Amino acid sequence: MTRLERETDWRLRVFDSLSFPTIILKPDKTIVAVNSRFLEKFAVEEQDVIGRKCEGVNVKYYQDRDFPCLRNGDCPLTKVVRFRSSQSVLMKFTTAPGQVVWEERVFSPILADNGEVDYVIESIRDVSRVKNLERMYSGIRELIDKVVQTSVSAIIAADRRGRIIMMNRAAETLFGYSAYNSENINIESFYPPGVARDIMARLRDERIGGRGRLPVTRVNVRHRDGTEIPVEMTAVIIYEDGMETATAGIFNDLRERLEVERQLKDAHIQLIQSEKLASLGRLAAGVAHEINNPLTSILLYAGLMQEQMEEQHPLRQNLAYILEDTERCKEIVKNLLAYSRQRAPARAYHKLNDIIDTSLRLIRDQKLFLQIKVVEDKWPQPLLVNADKNQLCQVLINLIINAIDAMNGSGVLTLRTYEDRVKGLAFIEVGDTGGGIATENLSKIFDPFFSTKELGKGTGLGLSMAYGMMEENNGRIFVKHTGPQGTVFALELPAVAATDLILFDSIG
Ligand SMILES: Nc1ncnc2c1ncn2[C@@H]1O[C@H](COP(=O)(O)OP(=O)(O)O)[C@@H](O)[C@H]1O
Ligand SMILES: [Mg+2]
(Lines give C-alpha, C1' and ligand atoms only; values in the text may rest on other atoms or scores of the structure.)
(Ligands and ions follow the chains in the order given, each with its own letter.)
Protein backbone atom coordinates (compact mmCIF):
# COMPACT_ATOMS: atom_id res chain seq x y z
CA MET A 1 0.00 0.00 0.00
CA THR A 2 1.40 3.41 -0.97
CA ARG A 3 1.31 6.32 1.42
CA LEU A 4 -1.47 7.91 -0.56
CA GLU A 5 -3.49 4.70 -0.57
CA ARG A 6 -2.97 4.30 3.16
CA GLU A 7 -4.17 7.83 3.80
CA THR A 8 -7.23 7.40 1.59
CA ASP A 9 -8.04 4.15 3.31
CA TRP A 10 -7.79 5.83 6.73
CA ARG A 11 -10.02 8.68 5.63
CA LEU A 12 -12.61 6.30 4.30
CA ARG A 13 -12.70 4.39 7.56
CA VAL A 14 -13.23 7.59 9.53
CA PHE A 15 -15.96 8.59 7.11
CA ASP A 16 -17.59 5.20 7.39
CA SER A 17 -17.57 5.23 11.16
CA LEU A 18 -19.30 8.63 11.43
CA SER A 19 -22.35 8.12 13.58
CA PHE A 20 -24.56 10.34 11.38
CA PRO A 21 -25.79 9.24 7.98
CA THR A 22 -23.42 11.05 5.66
CA ILE A 23 -22.84 11.30 1.90
CA ILE A 24 -20.26 13.00 -0.27
CA LEU A 25 -21.50 14.79 -3.37
CA LYS A 26 -19.99 16.50 -6.31
CA PRO A 27 -21.02 20.10 -7.00
CA ASP A 28 -23.33 18.74 -9.72
CA LYS A 29 -25.25 16.82 -6.99
CA THR A 30 -23.90 13.40 -7.97
CA ILE A 31 -23.33 11.17 -4.96
CA VAL A 32 -19.80 9.81 -4.87
CA ALA A 33 -19.67 8.18 -1.43
CA VAL A 34 -22.03 7.13 1.35
CA ASN A 35 -21.30 5.79 4.83
CA SER A 36 -22.88 2.70 6.35
CA ARG A 37 -25.17 4.66 8.69
CA PHE A 38 -26.68 6.18 5.58
CA LEU A 39 -27.22 2.80 3.95
CA GLU A 40 -28.82 1.49 7.17
CA LYS A 41 -31.08 4.43 7.57
CA PHE A 42 -32.48 4.39 4.09
CA ALA A 43 -32.18 0.58 3.65
CA VAL A 44 -30.35 0.88 0.36
CA GLU A 45 -27.27 -0.69 -1.19
CA GLU A 46 -24.25 1.30 -2.19
CA GLN A 47 -24.92 0.69 -5.91
CA ASP A 48 -28.46 2.17 -5.61
CA VAL A 49 -26.92 5.43 -4.54
CA ILE A 50 -23.45 6.00 -5.92
CA GLY A 51 -23.49 7.90 -9.15
CA ARG A 52 -27.06 9.11 -8.72
CA LYS A 53 -28.20 12.66 -8.11
CA CYS A 54 -29.23 13.45 -4.55
CA GLU A 55 -32.80 14.44 -5.44
CA GLY A 56 -33.62 10.88 -6.53
CA VAL A 57 -32.19 9.12 -3.52
CA ASN A 58 -34.38 9.96 -0.57
CA VAL A 59 -37.59 9.25 -2.42
CA LYS A 60 -38.16 5.74 -1.10
CA TYR A 61 -37.76 6.67 2.51
CA TYR A 62 -39.89 9.79 2.57
CA GLN A 63 -43.48 10.23 1.56
CA ASP A 64 -42.87 13.77 0.44
CA ARG A 65 -42.24 13.63 -3.29
CA ASP A 66 -41.03 17.18 -3.50
CA PHE A 67 -38.42 18.12 -0.93
CA PRO A 68 -38.46 21.53 0.65
CA CYS A 69 -35.06 22.32 -0.88
CA LEU A 70 -36.45 21.72 -4.37
CA ARG A 71 -39.76 23.33 -3.71
CA ASN A 72 -38.18 26.59 -2.60
CA GLY A 73 -35.55 26.48 -5.29
CA ASP A 74 -33.24 27.00 -2.37
CA CYS A 75 -30.68 24.24 -2.72
CA PRO A 76 -28.12 24.28 0.12
CA LEU A 77 -25.56 22.44 -1.98
CA THR A 78 -25.65 25.15 -4.60
CA LYS A 79 -25.05 27.71 -1.86
CA VAL A 80 -22.09 25.79 -0.45
CA VAL A 81 -20.54 25.75 -3.92
CA ARG A 82 -21.24 29.43 -4.47
CA PHE A 83 -20.16 30.74 -1.07
CA ARG A 84 -17.61 28.03 -0.26
CA SER A 85 -18.87 27.85 3.26
CA SER A 86 -20.95 25.43 5.33
CA GLN A 87 -24.70 25.60 5.22
CA SER A 88 -27.21 24.02 7.49
CA VAL A 89 -30.91 23.62 6.93
CA LEU A 90 -33.76 22.34 9.03
CA MET A 91 -36.12 20.16 7.02
CA LYS A 92 -39.44 18.69 7.92
CA PHE A 93 -40.46 15.45 6.23
CA THR A 94 -43.13 12.83 6.52
CA THR A 95 -41.72 9.32 6.51
CA ALA A 96 -43.33 6.46 4.58
CA PRO A 97 -44.99 5.15 7.81
CA GLY A 98 -46.44 8.63 8.12
CA GLN A 99 -44.29 10.02 10.90
CA VAL A 100 -43.15 13.62 10.92
CA VAL A 101 -39.40 13.94 11.25
CA TRP A 102 -37.26 16.98 11.62
CA GLU A 103 -33.81 16.71 10.16
CA GLU A 104 -30.94 19.05 10.39
CA ARG A 105 -28.71 18.63 7.34
CA VAL A 106 -25.24 20.11 7.46
CA PHE A 107 -23.40 20.72 4.19
CA SER A 108 -19.63 21.32 4.37
CA PRO A 109 -17.34 22.04 1.44
CA ILE A 110 -14.15 20.09 0.66
CA LEU A 111 -11.99 22.60 -1.12
CA ALA A 112 -9.49 21.87 -3.87
CA ASP A 113 -6.03 23.47 -3.88
CA ASN A 114 -7.33 26.24 -6.13
CA GLY A 115 -9.95 27.15 -3.53
CA GLU A 116 -12.90 25.88 -5.57
CA VAL A 117 -15.34 23.42 -4.04
CA ASP A 118 -14.41 19.88 -5.03
CA TYR A 119 -16.90 17.96 -2.98
CA VAL A 120 -19.63 18.59 -0.46
CA ILE A 121 -20.17 16.44 2.63
CA GLU A 122 -23.81 16.24 3.69
CA SER A 123 -24.55 14.81 7.10
CA ILE A 124 -28.02 14.22 8.45
CA ARG A 125 -29.10 14.57 12.04
CA ASP A 126 -32.55 13.59 13.25
CA VAL A 127 -33.63 16.45 15.54
CA SER A 128 -37.26 15.33 15.89
CA ARG A 129 -36.86 14.63 19.60
CA VAL A 130 -35.48 18.08 20.29
CA LYS A 131 -38.12 19.63 18.08
CA ASN A 132 -40.92 17.76 19.82
CA LEU A 133 -39.55 18.72 23.23
CA GLU A 134 -39.40 22.29 22.03
CA ARG A 135 -43.01 22.15 20.91
CA MET A 136 -44.11 20.55 24.15
CA TYR A 137 -42.16 23.12 26.10
CA SER A 138 -43.74 25.99 24.25
CA GLY A 139 -47.15 24.36 24.82
CA ILE A 140 -46.46 24.17 28.54
CA ARG A 141 -45.17 27.72 28.48
CA GLU A 142 -48.36 28.87 26.85
CA LEU A 143 -50.40 27.00 29.44
CA ILE A 144 -48.42 28.48 32.32
CA ASP A 145 -48.88 31.87 30.76
CA LYS A 146 -52.63 31.38 30.59
CA VAL A 147 -52.78 30.13 34.17
CA VAL A 148 -50.81 33.15 35.36
CA GLN A 149 -52.79 35.61 33.27
CA THR A 150 -56.20 34.34 34.37
CA SER A 151 -55.30 33.89 38.04
CA VAL A 152 -57.57 35.72 40.49
CA SER A 153 -54.48 36.51 42.52
CA ALA A 154 -52.35 39.39 41.34
CA ILE A 155 -48.91 38.17 40.27
CA ILE A 156 -45.92 40.38 39.57
CA ALA A 157 -42.23 39.78 38.97
CA ALA A 158 -39.43 42.29 39.19
CA ASP A 159 -35.79 42.14 38.20
CA ARG A 160 -32.86 42.49 40.56
CA ARG A 161 -33.15 46.26 40.54
CA GLY A 162 -36.86 46.16 41.28
CA ARG A 163 -38.08 46.99 37.79
CA ILE A 164 -41.34 45.27 36.88
CA ILE A 165 -40.79 42.54 34.30
CA MET A 166 -44.15 40.82 34.47
CA MET A 167 -47.63 41.49 35.77
CA ASN A 168 -50.84 39.59 35.16
CA ARG A 169 -54.29 41.04 34.62
CA ALA A 170 -55.31 40.84 38.28
CA ALA A 171 -52.14 42.77 39.12
CA GLU A 172 -53.03 45.43 36.55
CA THR A 173 -56.37 45.89 38.31
CA LEU A 174 -54.97 45.80 41.83
CA PHE A 175 -52.16 48.28 41.20
CA GLY A 176 -53.77 50.33 38.44
CA TYR A 177 -50.89 50.00 35.95
CA SER A 178 -50.89 48.37 32.55
CA ALA A 179 -48.36 45.60 31.90
CA TYR A 180 -47.36 47.41 28.69
CA ASN A 181 -46.11 50.54 30.35
CA SER A 182 -44.83 48.99 33.55
CA GLU A 183 -41.19 48.45 32.66
CA ASN A 184 -40.07 51.80 34.04
CA ILE A 185 -41.98 51.36 37.25
CA ASN A 186 -40.11 50.28 40.32
CA ILE A 187 -41.67 47.75 42.66
CA GLU A 188 -41.26 50.27 45.50
CA SER A 189 -44.09 52.37 44.12
CA PHE A 190 -46.45 49.40 44.63
CA TYR A 191 -46.09 49.76 48.39
CA PRO A 192 -46.31 52.54 50.97
CA PRO A 193 -42.85 54.01 51.73
CA GLY A 194 -40.41 51.53 53.27
CA VAL A 195 -42.58 48.45 52.85
CA ALA A 196 -40.79 47.07 49.77
CA ARG A 197 -37.45 47.25 51.58
CA ASP A 198 -38.92 45.56 54.60
CA ILE A 199 -40.30 42.74 52.45
CA MET A 200 -36.89 42.25 50.79
CA ALA A 201 -35.21 42.10 54.20
CA ARG A 202 -37.69 39.46 55.35
CA LEU A 203 -37.28 37.50 52.12
CA ARG A 204 -33.55 37.31 52.68
CA ASP A 205 -33.94 36.35 56.32
CA GLU A 206 -33.55 32.58 56.54
CA ARG A 207 -35.46 32.45 59.80
CA ILE A 208 -38.63 33.69 58.09
CA GLY A 209 -39.96 30.95 55.84
CA GLY A 210 -36.48 29.89 54.67
CA ARG A 211 -34.08 31.60 52.29
CA GLY A 212 -35.83 33.52 49.52
CA ARG A 213 -39.34 32.75 50.72
CA LEU A 214 -41.87 34.97 52.40
CA PRO A 215 -44.78 33.09 53.99
CA VAL A 216 -48.31 34.54 53.85
CA THR A 217 -48.05 38.09 55.15
CA ARG A 218 -50.59 40.90 55.63
CA VAL A 219 -49.50 44.20 54.18
CA ASN A 220 -50.95 47.24 52.48
CA VAL A 221 -50.11 47.78 48.84
CA ARG A 222 -50.60 51.01 46.97
CA HIS A 223 -52.79 51.57 43.94
CA ARG A 224 -51.59 54.02 41.30
CA ASP A 225 -54.17 56.56 42.57
CA GLY A 226 -52.62 56.44 46.04
CA THR A 227 -55.24 54.32 47.82
CA GLU A 228 -53.80 51.75 50.13
CA ILE A 229 -55.27 48.29 49.76
CA PRO A 230 -54.98 45.57 52.39
CA VAL A 231 -53.68 42.32 50.90
CA GLU A 232 -52.35 38.97 51.86
CA MET A 233 -49.13 38.22 49.99
CA THR A 234 -46.41 35.65 49.51
CA ALA A 235 -43.15 36.27 47.70
CA VAL A 236 -40.06 34.45 46.50
CA ILE A 237 -36.60 35.36 45.31
CA ILE A 238 -35.63 33.62 42.10
CA TYR A 239 -32.00 32.46 42.09
CA GLU A 240 -29.82 31.50 39.18
CA ASP A 241 -26.50 29.87 40.06
CA GLY A 242 -26.99 31.08 43.61
CA MET A 243 -27.41 34.71 42.52
CA GLU A 244 -30.61 36.70 43.02
CA THR A 245 -32.00 37.41 39.58
CA ALA A 246 -35.62 38.34 40.24
CA THR A 247 -38.42 38.46 42.77
CA ALA A 248 -42.03 37.41 42.36
CA GLY A 249 -45.03 38.21 44.50
CA ILE A 250 -48.58 36.89 44.68
CA PHE A 251 -51.24 39.16 46.18
CA ASN A 252 -54.82 38.60 47.29
CA ASP A 253 -57.07 41.60 47.79
CA LEU A 254 -58.55 41.44 51.28
CA ARG A 255 -61.08 44.26 51.00
CA GLU A 256 -64.08 42.03 50.42
CA ARG A 257 -63.14 39.58 53.15
CA LEU A 258 -62.46 42.36 55.66
CA GLU A 259 -65.83 43.93 54.84
CA VAL A 260 -67.61 40.63 55.54
CA GLU A 261 -65.65 40.27 58.77
CA ARG A 262 -66.59 43.80 59.76
CA GLN A 263 -70.28 43.11 59.14
CA LEU A 264 -70.05 39.93 61.19
CA LYS A 265 -68.43 41.83 64.02
CA ASP A 266 -71.14 44.50 63.82
CA ALA A 267 -73.82 41.84 63.99
CA HIS A 268 -72.06 40.34 66.98
CA ILE A 269 -71.84 43.70 68.73
CA GLN A 270 -75.54 44.26 68.12
CA LEU A 271 -76.33 40.89 69.59
CA ILE A 272 -74.28 41.65 72.70
CA GLN A 273 -76.00 45.02 72.93
CA SER A 274 -79.47 43.43 72.85
CA GLU A 275 -78.48 40.86 75.43
CA LYS A 276 -76.98 43.52 77.65
CA LEU A 277 -80.20 45.52 77.41
CA ALA A 278 -82.38 42.53 78.15
CA SER A 279 -80.48 41.43 81.27
CA LEU A 280 -80.17 45.00 82.43
CA GLY A 281 -83.88 45.43 81.95
CA ARG A 282 -84.59 42.58 84.35
CA LEU A 283 -82.10 43.86 86.89
CA ALA A 284 -83.46 47.40 86.66
CA ALA A 285 -87.02 46.23 87.10
CA GLY A 286 -86.10 44.43 90.33
CA VAL A 287 -84.02 47.27 91.77
CA ALA A 288 -86.51 49.97 90.81
CA HIS A 289 -89.31 48.08 92.38
CA GLU A 290 -87.40 47.55 95.64
CA ILE A 291 -86.28 51.17 95.88
CA ASN A 292 -89.56 52.73 94.96
CA ASN A 293 -91.28 52.03 98.30
CA PRO A 294 -88.50 53.29 100.60
CA LEU A 295 -88.18 56.37 98.41
CA THR A 296 -91.86 57.07 98.80
CA SER A 297 -91.61 56.92 102.57
CA ILE A 298 -88.45 59.11 102.64
CA LEU A 299 -90.36 61.70 100.64
CA LEU A 300 -93.38 61.40 102.87
CA TYR A 301 -91.53 61.74 106.18
CA ALA A 302 -89.14 64.41 104.98
CA GLY A 303 -92.14 66.33 103.69
CA LEU A 304 -93.86 66.01 107.05
CA MET A 305 -90.74 67.25 108.85
CA GLN A 306 -90.49 70.24 106.55
CA GLU A 307 -94.08 71.17 107.26
CA GLN A 308 -93.51 71.04 110.98
CA MET A 309 -90.27 73.04 110.90
CA GLU A 310 -90.25 76.76 111.50
CA GLU A 311 -89.29 78.96 108.59
CA GLN A 312 -86.03 80.02 110.22
CA HIS A 313 -84.90 76.60 111.36
CA PRO A 314 -81.17 76.08 110.54
CA LEU A 315 -81.76 72.54 109.23
CA ARG A 316 -84.57 73.54 106.93
CA GLN A 317 -82.25 74.06 103.93
CA ASN A 318 -80.65 70.61 104.41
CA LEU A 319 -84.07 69.06 104.44
CA ALA A 320 -84.88 70.85 101.21
CA TYR A 321 -81.80 69.25 99.65
CA ILE A 322 -82.91 65.83 100.86
CA LEU A 323 -86.31 66.33 99.30
CA GLU A 324 -84.86 67.57 96.04
CA ASP A 325 -82.45 64.66 95.66
CA THR A 326 -85.06 62.15 96.64
CA GLU A 327 -87.32 63.56 93.95
CA ARG A 328 -84.50 63.05 91.50
CA CYS A 329 -84.13 59.46 92.67
CA LYS A 330 -87.83 58.93 92.06
CA GLU A 331 -87.40 60.31 88.58
CA ILE A 332 -84.58 57.86 87.89
CA VAL A 333 -86.62 54.99 89.25
CA LYS A 334 -89.53 56.03 87.05
CA ASN A 335 -87.20 55.97 84.05
CA LEU A 336 -85.85 52.59 85.04
CA LEU A 337 -89.34 51.19 85.34
CA ALA A 338 -90.23 52.56 81.95
CA TYR A 339 -87.01 51.13 80.58
CA SER A 340 -87.66 47.68 81.93
CA ARG A 341 -91.35 47.56 81.21
CA GLN A 342 -91.63 44.34 79.33
CA ARG A 343 -94.81 44.40 77.45
CA ALA A 344 -95.35 43.60 73.82
CA PRO A 345 -95.62 46.78 71.76
CA ALA A 346 -99.16 47.66 70.73
CA ARG A 347 -98.69 47.77 67.01
CA ALA A 348 -100.92 49.57 64.57
CA TYR A 349 -100.53 51.42 61.28
CA HIS A 350 -99.34 54.96 61.73
CA LYS A 351 -98.19 57.74 59.49
CA LEU A 352 -94.63 58.76 60.29
CA ASN A 353 -95.42 62.46 60.00
CA ASP A 354 -98.09 62.05 62.70
CA ILE A 355 -95.45 60.65 65.05
CA ILE A 356 -93.49 63.86 64.64
CA ASP A 357 -96.56 66.04 65.22
CA THR A 358 -97.59 64.16 68.36
CA SER A 359 -94.08 64.15 69.82
CA LEU A 360 -93.63 67.87 69.23
CA ARG A 361 -97.00 68.62 70.78
CA LEU A 362 -95.99 66.70 73.91
CA ILE A 363 -92.85 68.76 74.54
CA ARG A 364 -93.42 71.93 72.56
CA ASP A 365 -94.59 74.15 75.35
CA GLN A 366 -91.60 73.44 77.57
CA LYS A 367 -89.06 76.21 77.84
CA LEU A 368 -86.64 73.85 76.13
CA PHE A 369 -87.25 75.40 72.73
CA LEU A 370 -86.53 79.02 73.54
CA GLN A 371 -83.65 79.61 71.16
CA ILE A 372 -84.14 76.56 68.98
CA LYS A 373 -85.31 76.84 65.41
CA VAL A 374 -87.28 73.76 64.44
CA VAL A 375 -87.19 72.79 60.76
CA GLU A 376 -89.66 70.17 59.59
CA ASP A 377 -88.79 68.47 56.34
CA LYS A 378 -91.62 66.01 55.86
CA TRP A 379 -92.11 63.50 53.04
CA PRO A 380 -95.04 64.73 50.92
CA GLN A 381 -96.66 61.27 50.60
CA PRO A 382 -97.92 59.43 53.66
CA LEU A 383 -95.31 56.99 54.97
CA LEU A 384 -96.97 54.12 56.74
CA VAL A 385 -95.35 52.00 59.43
CA ASN A 386 -96.66 49.24 61.61
CA ALA A 387 -95.48 50.18 65.10
CA ASP A 388 -96.33 51.14 68.68
CA LYS A 389 -97.04 54.84 68.50
CA ASN A 390 -96.32 55.52 72.17
CA GLN A 391 -92.97 53.87 71.93
CA LEU A 392 -92.07 55.69 68.73
CA CYS A 393 -93.03 59.02 70.30
CA GLN A 394 -90.96 58.23 73.37
CA VAL A 395 -87.95 57.37 71.20
CA LEU A 396 -88.38 60.54 69.18
CA ILE A 397 -88.77 62.71 72.28
CA ASN A 398 -85.56 61.21 73.70
CA LEU A 399 -83.75 62.09 70.49
CA ILE A 400 -85.17 65.61 70.41
CA ILE A 401 -84.17 66.26 74.02
CA ASN A 402 -80.68 64.90 73.37
CA ALA A 403 -80.40 67.14 70.32
CA ILE A 404 -81.46 70.20 72.30
CA ASP A 405 -79.01 69.27 75.08
CA ALA A 406 -76.25 68.96 72.49
CA MET A 407 -77.00 72.46 71.17
CA ASN A 408 -76.83 74.06 74.62
CA GLY A 409 -80.13 75.76 74.10
CA SER A 410 -79.60 77.40 70.72
CA GLY A 411 -79.34 76.03 67.21
CA VAL A 412 -81.37 74.32 64.51
CA LEU A 413 -83.32 71.13 65.07
CA THR A 414 -84.24 69.34 61.86
CA LEU A 415 -86.92 66.67 61.74
CA ARG A 416 -87.06 64.80 58.46
CA THR A 417 -89.08 61.89 57.11
CA TYR A 418 -88.41 60.02 53.88
CA GLU A 419 -88.51 56.58 52.38
CA ASP A 420 -86.22 54.25 50.49
CA ARG A 421 -88.63 52.61 48.04
CA VAL A 422 -86.10 50.10 46.79
CA LYS A 423 -85.28 48.77 50.22
CA GLY A 424 -88.84 49.17 51.51
CA LEU A 425 -87.76 51.31 54.46
CA ALA A 426 -89.11 54.47 56.05
CA PHE A 427 -86.98 56.89 58.06
CA ILE A 428 -87.26 59.65 60.64
CA GLU A 429 -84.17 61.72 61.14
CA VAL A 430 -83.36 64.07 63.97
CA GLY A 431 -80.57 66.50 63.17
CA ASP A 432 -78.95 69.06 65.39
CA THR A 433 -76.23 71.69 65.13
CA GLY A 434 -74.51 70.64 68.33
CA GLY A 435 -70.90 69.67 68.88
CA GLY A 436 -71.22 66.03 67.79
CA ILE A 437 -70.36 62.77 69.49
CA ALA A 438 -66.68 62.05 70.25
CA THR A 439 -65.37 59.09 68.24
CA GLU A 440 -64.39 57.19 71.38
CA ASN A 441 -67.97 57.51 72.68
CA LEU A 442 -69.72 56.34 69.51
CA SER A 443 -69.62 52.69 70.51
CA LYS A 444 -70.94 53.45 74.00
CA ILE A 445 -73.86 55.82 73.56
CA PHE A 446 -76.42 53.00 73.34
CA ASP A 447 -75.11 51.42 76.55
CA PRO A 448 -77.39 51.80 79.55
CA PHE A 449 -76.19 54.48 81.95
CA PHE A 450 -73.67 55.89 79.53
CA SER A 451 -73.91 59.64 79.78
CA THR A 452 -71.52 62.51 79.26
CA LYS A 453 -73.88 64.90 80.94
CA GLU A 454 -73.21 66.37 84.35
CA LEU A 455 -74.30 64.35 87.33
CA GLY A 456 -78.02 64.52 87.87
CA LYS A 457 -78.76 65.83 84.38
CA GLY A 458 -78.57 62.67 82.31
CA THR A 459 -79.47 59.16 83.29
CA GLY A 460 -77.80 57.56 80.28
CA LEU A 461 -80.94 55.55 79.65
CA GLY A 462 -82.52 57.51 76.80
CA LEU A 463 -80.64 55.97 73.88
CA SER A 464 -80.52 52.47 75.29
CA MET A 465 -84.29 52.58 75.74
CA ALA A 466 -84.65 53.89 72.23
CA TYR A 467 -82.47 51.07 70.98
CA GLY A 468 -84.59 48.42 72.68
CA MET A 469 -87.86 49.97 71.54
CA MET A 470 -86.79 50.23 67.92
CA GLU A 471 -85.84 46.57 68.02
CA GLU A 472 -89.22 45.65 69.42
CA ASN A 473 -90.80 47.42 66.47
CA ASN A 474 -88.61 45.62 63.94
CA GLY A 475 -86.70 48.82 63.33
CA ARG A 476 -83.31 50.22 64.05
CA ILE A 477 -81.72 53.36 65.43
CA PHE A 478 -78.31 54.56 64.33
CA VAL A 479 -76.08 57.59 64.11
CA LYS A 480 -76.21 58.60 60.48
CA HIS A 481 -73.67 61.34 60.83
CA THR A 482 -71.82 63.15 63.56
CA GLY A 483 -69.15 65.80 63.60
CA PRO A 484 -68.34 69.26 64.90
CA GLN A 485 -71.20 70.67 62.77
CA GLY A 486 -73.79 68.47 64.45
CA THR A 487 -75.34 65.05 64.64
CA VAL A 488 -78.06 63.20 62.75
CA PHE A 489 -79.79 60.26 64.37
CA ALA A 490 -81.94 58.05 62.15
CA LEU A 491 -84.85 55.79 62.99
CA GLU A 492 -85.44 53.12 60.40
CA LEU A 493 -88.65 51.08 60.10
CA PRO A 494 -90.02 48.69 57.52
CA ALA A 495 -92.33 50.69 55.25
CA VAL A 496 -95.82 49.30 54.82
CA ALA A 497 -96.52 48.55 51.16
CA ALA A 498 -98.98 50.53 49.07
CA THR A 499 -101.47 47.65 49.02
CA ASP A 500 -101.69 47.87 52.80
CA LEU A 501 -102.12 51.60 52.50
CA ILE A 502 -105.38 51.07 50.59
CA LEU A 503 -106.51 48.72 53.33
CA PHE A 504 -105.57 51.32 55.91
CA ASP A 505 -107.46 54.09 54.13
CA SER A 506 -110.55 51.94 53.74
CA ILE A 507 -110.46 51.20 57.45
CA GLY A 508 -110.13 54.95 58.03
N1 LIG B 1 -77.54 64.65 69.56
C2 LIG B 1 -76.45 64.37 70.31
N3 LIG B 1 -75.31 65.07 70.16
C4 LIG B 1 -74.21 64.79 70.89
N5 LIG B 1 -74.14 63.77 71.79
C6 LIG B 1 -75.24 63.03 71.98
C7 LIG B 1 -76.44 63.27 71.24
N8 LIG B 1 -77.35 62.34 71.63
C9 LIG B 1 -76.75 61.57 72.56
N10 LIG B 1 -75.49 61.98 72.79
C11 LIG B 1 -74.51 61.38 73.72
O12 LIG B 1 -74.99 60.11 74.11
C13 LIG B 1 -75.06 60.04 75.52
C14 LIG B 1 -76.16 59.09 75.92
O15 LIG B 1 -77.43 59.63 75.60
P16 LIG B 1 -78.68 59.12 76.40
O17 LIG B 1 -78.67 57.62 76.38
O18 LIG B 1 -79.87 59.80 75.87
O19 LIG B 1 -78.35 59.55 77.85
P20 LIG B 1 -78.36 61.00 78.47
O21 LIG B 1 -79.08 61.91 77.52
O22 LIG B 1 -79.13 60.81 79.74
O23 LIG B 1 -76.96 61.36 78.70
C24 LIG B 1 -75.22 61.47 75.94
O25 LIG B 1 -74.79 61.66 77.25
C26 LIG B 1 -74.35 62.20 74.95
O27 LIG B 1 -72.99 62.10 75.30
MG1 LIG C 1 -80.95 61.50 76.72
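Model, not experiment: these values are computed from the prediction. When reading the values below, keep in mind they use all heavy atoms of this one structure, side chains included, and skip hydrogens, waters and symmetry mates. Order of listing sets the numbers, starting from 1, for every ligand and every atom in it.
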If we only consider heavy atoms of [X], is any one of them less than 4.0 Å away from an atom in ligand 1?
X	result
Ile437	yes
Gly434	no
Thr487	yes

Decide whether an N or O pair under 3.5 Å exists between [X] and ligand 1.
X	result
Asp432	yes
Lys453	yes
Ala406	no

**Prompt:** Got an N, O or S from Asn398 under 2.8 Å of the Mg ion (ligand 2)?
**Reply:** no
**Request:** Can you figure out which of Phe450, Phe489, Phe446 has its heavy atom closest to atom 14 (C) of ligand 1?
**Result:** Phe450
**Request:** Going by heavy-atom distance to atom 24 (C) of ligand 1, choose the closest among Ile400, Val430, Leu442, Thr452.
**Result:** Thr452
**Request:** Taking only heavy atoms of Ile445 into account, list the atoms of ligand 1 that are under 4.0 Å away from them.
**Result:** 11 (C), 12 (O), 14 (C), 17 (O)
**Message:** Please confirm whether the ring centroid of Phe175 lies under 6.0 Å from the ring centroid of Phe251.
**Reply:** yes
**Message:** With a 4.0 Å cut-off on N to O distance, would you call Lys330 and Glu327 a salt bridge?
**Reply:** no
**Prompt:** Quick one: nearest non-hydrogen protein atom to atom 18 (O) of ligand 1, plus distance?
**Reply:** Asn402 ND2, 2.8 Å
